[in-house]
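Below: the structure, in structure tokens.
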Amino acid sequence: MSAAVSIKTDGLPNVCQRKVVKTNPTGAKTECLFPDGTSILVSNFLASFIRAGDELLFPLGNEAAAAGAQIYIRKTHPEERRWDVFQAAIGYATQPRKDKRNNLFVSAEVPDSRLGISAINLPCEALRDYIYVGNRRRGWDRQSSFYELLRVNPKVSPAELRLAFKLRTLELGTARAPAGDLRALNRAFNIIARPELRACYDALLNDPTSPTLFPCGGFGSLLVAGDISRDGSTFYASRILSFLPEQKFRHFRAPLRKVDFYADQAILRDSRRKLEVFFDQTSLPLSWDSSWNQWKHLLGTKIGIKATFIQNGKYQQHAGGWHLAQWETALPSRIEVALPSNVAEQVAEARKTHHRFGEFSEALDLIRIRIESAPVERADLQKLCAELGIPADFDISLITWKPDYDAFYYKQLSKRARRLYLFQSEYIFDLERAVIAETPQLGHATYLFSKPINMTEFLALYGRVTKDDIRRNRGNLAERLGFLGRLIHGLSPQRWLKDLKLRMGESVDYALSEDQSTQIKRAEC
């Protein structure tokens, strides 16, 4: 390709093409002046690549080119004819593949193609020399390895790696090292702390021509030097000048039961928030191992998480087509975890309960058979437990508890209930003013019924029908049972609680409810 090829503005009526007469620094920004007296503000960093005589192409109406705003700098000076500069917000970046000349590259999509450029092709070598190095001013063969920067052995465990990162950060901070050294250290840790990126980096150490992954699949503001294809749809980058991933700070609480535990790492994947967090034994300071997955659903505790997240994504085949699945991944260097003060006691109790499930498995199977045919009150089940030799402190309600169920709903209903019945996979709560059926599993709603005159007759009828029969009022079942409707769990437990209080005739502090909803939203952001 030749840099003499320029963007064709035909068919792009909302694109401005201006020649720069002068650049004028104005503090945090630089003003680029044009012959007609108009101007555009750009960052000082971007302005360092602009000279008088260069041509700028940018969308109409942009008075300031913020990070990620599309802007094309066409170089006109003879000594710079081999490269133009292009800035854009990119979306998904592909896995490495080979071009017609057998060279490895990744292609980053430009989602909102305002200048007609829909993709940026990046050589794996350019990606390697920007993402996978500590000093971007040196060639690959003159780099200190990330392991050397962190002062660790290449076989270091995730927990040891984090400890080394904290120690090196403290050392550099005490020595008042340049900011660039701290950024390099963070970059080294964020690469080595992610298994797939660590594998990519180790492969590059063995063979610098190995395929290079774009971390988290792209997503951010990219500034590159190179030239444009003849049809103007692809920018062929020769060098990465800057990349700023999309970042969001989030502070929230997550159930410990949603964490998957492995030998040397643990992973929280939250499908509702569409995010994932990778932990090591240091960032999640619990003496866990993979056996925790057998009984973690019995843990009711939540952990507090503060982290900076970056966009992630990949294409997945679904329903006969390819669809982009996007989520957010926590930066390993920006994770803080707060554990409740009684977490050790809760872990011990969950482990003890799991042991009892195994110890009394035959007796519990008999109880499951008992509640499969008809609702049975918890007090009666506790008597049966005593007859079968199960300790009195065993919570019989746990035999139908599902790992993804939020204990908040159970606690709110339990404290209002006079009696609790177990039936198949459900709880039936006998309240003062109503009867409520609850399935302790994600995706189920709370079923409300008016207070029956005879609870025994209600349970007998309820035990013979299905939820679908009730919803469709087959044989007037909804009327006979006094069905009042469903409360959807949804995304906000506090909203569910407010609806429950309204249905139960309890007083609702609307100001408090709104405040709680606001707090929840803030915690999720």
Can you tell me if [X] uses its side chain to pair, donor with acceptor, with the backbone of [Y] under 3.5 Å?
{"X": "N293", "Y": "F261", "value": "yes"}
{"X": "S144", "Y": "E148", "value": "no"}
{"X": "T30", "Y": "A47", "value": "no"}
{"X": "N102", "Y": "K98", "value": "no"}
{"X": "S113", "Y": "V110", "value": "no"}
{"X": "N14", "Y": "P59", "value": "no"}
{"X": "R128", "Y": "P208", "value": "yes"}
{"X": "S238", "Y": "A225", "value": "yes"}
{"X": "N190", "Y": "S333", "value": "yes"}
{"X": "D181", "Y": "A177", "value": "no"}

Review point. Under the side-chain contact (heavy atoms from CB on, under 4.5 Å) criterion, do F214 and I90 qualify, and how do the steps go?
Key: CA-CA 12 Å; F214 203 125; I90 62 169; 3.9 Å; yes
Could [X] and [Y] be called an ion pair, given the rule that one side-chain N must be under 4.0 Å from one carboxylate O?
{"X": "R495", "Y": "D499", "result": "no"}
{"X": "E55", "Y": "R18", "result": "no"}
{"X": "E160", "Y": "K155", "result": "no"}
{"X": "D260", "Y": "K296", "result": "yes"}

Within a reach of under 6.0 Å around [atom1] of [X], are more than 12 heavy atoms found that belong to other residues, nucleotides or ligands?
{"X": "R471", "atom1": "CZ", "result": "yes"}
{"X": "K402", "atom1": "NZ", "result": "yes"}
{"X": "R198", "atom1": "CZ", "result": "yes"}
{"X": "Q143", "atom1": "CD", "result": "yes"}

Could you grab the distance from atom [atom1] of [X] to atom [atom2] of [Y], nearest 0.5 Å is fine?
{"X": "L104", "Y": "R97", "atom1": "CG", "atom2": "CZ", "answer": "11.0 Å"}
{"X": "L204", "Y": "L213", "atom1": "CG", "atom2": "CG", "answer": "8.5 Å"}
{"X": "L256", "Y": "H297", "atom1": "CG", "atom2": "NE2", "answer": "13.0 Å"}
{"X": "F279", "Y": "I335", "atom1": "CZ", "atom2": "CD1", "answer": "6.5 Å"}
{"X": "K302", "Y": "F408", "atom1": "NZ", "atom2": "CZ", "answer": "8.5 Å"}

Specify the closest pair of heavy atoms between [X] and [Y], including all atoms of both residues, with the distance to one decimal.
{"X": "A266", "Y": "V259", "answer": "CB-CG1, 3.6 Å"}
{"X": "I50", "Y": "C32", "answer": "CD1-SG, 3.9 Å"}
{"X": "P111", "Y": "G91", "answer": "CD-N, 3.6 Å"}
{"X": "W288", "Y": "Q281", "answer": "O-NE2, 2.9 Å"}
{"X": "S425", "Y": "P440", "answer": "O-CD, 3.1 Å"}
{"X": "Q87", "Y": "S221", "answer": "CG-OG, 4.4 Å"}

For residues 133-140, dump all side-chain donor-acceptor pairs below 3.5 Å to protein atoms at least two apart in sequence or in another chain.
unit_1	atom_1	unit_2	atom_2	d
N135	OD1	R137	N	2.9
R136	NE	Y130	O	2.8
R136	NH1	Y130	OH	3.4
R136	NH2	Y130	O	3.1

Point to revise | side chain to side chain donor-acceptor pair (under 3.5 Å) partners for T439, two or more places apart | key: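 For T439, no residue satisfies side chain to side chain donor-acceptor pair (under 3.5 Å) once neighbours in sequence are set aside.
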Considering only heavy atoms from C-beta outward, does the side chain of [X] approach that of [Y] to under 4.5 Å?
{"X": "I71", "Y": "L46", "answer": "yes"}
{"X": "F34", "Y": "C16", "answer": "no"}
{"X": "P332", "Y": "F278", "answer": "no"}

**Study point:** Audit row: T308, Q247, side-chain hydrogen bond (donor to acceptor under 3.5 Å, both in side chains) steps and yes/no
**Key:** CA-CA 6 Å; T308 298; Q247 298 187 15; 5.1 Å; no
Could you list the residues that satisfy ring pair (Phe, Tyr, Trp, His ring centres under 6.0 Å) with [X], not counting sequence neighbours?
{"X": "Y409", "answer": "H489, W496"}
{"X": "Y405", "answer": "W401"}
{"X": "F45", "answer": "F49"}
{"X": "F189", "answer": "F165"}

Point to revise | Working for salt bridge (Lys or Arg N to Asp or Glu O under 4.0 Å), residues D54 and R51 | key: CA-CA 6 Å; D54 290 345; R51 295 175 60 180; over 6 Å; no
Point to revise | E276 vs T329, side-chain hydrogen bond (donor to acceptor under 3.5 Å, both in side chains): CA-CA, chis, key distance, verdict | key: CA-CA 5 Å; E276 64 180 6; T329 300; 2.9 Å; yes
Check your understanding: Applying the side chain to side chain donor-acceptor pair (under 3.5 Å) test to S107, which of T234, N121, D99 qualifies?
Key ->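 Answer to the side chain to side chain donor-acceptor pair (under 3.5 Å) test with S107 among T234, N121, D99: N121.
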Exercise for review: Tell me, with the steps shown, if Y72 and D84 meet side-chain hydrogen bond (donor to acceptor under 3.5 Å, both in side chains).
Suggested key: CA-CA 8 Å; Y72 190 98; D84 289 351; 2.6 Å; yes
Check your understanding: Taking the six-membered ring of Y92 as reference, does the NZ or CZ atom of K314 fall below 6.0 Å from its centre and within a 45° cone about the axis?
Key -> no
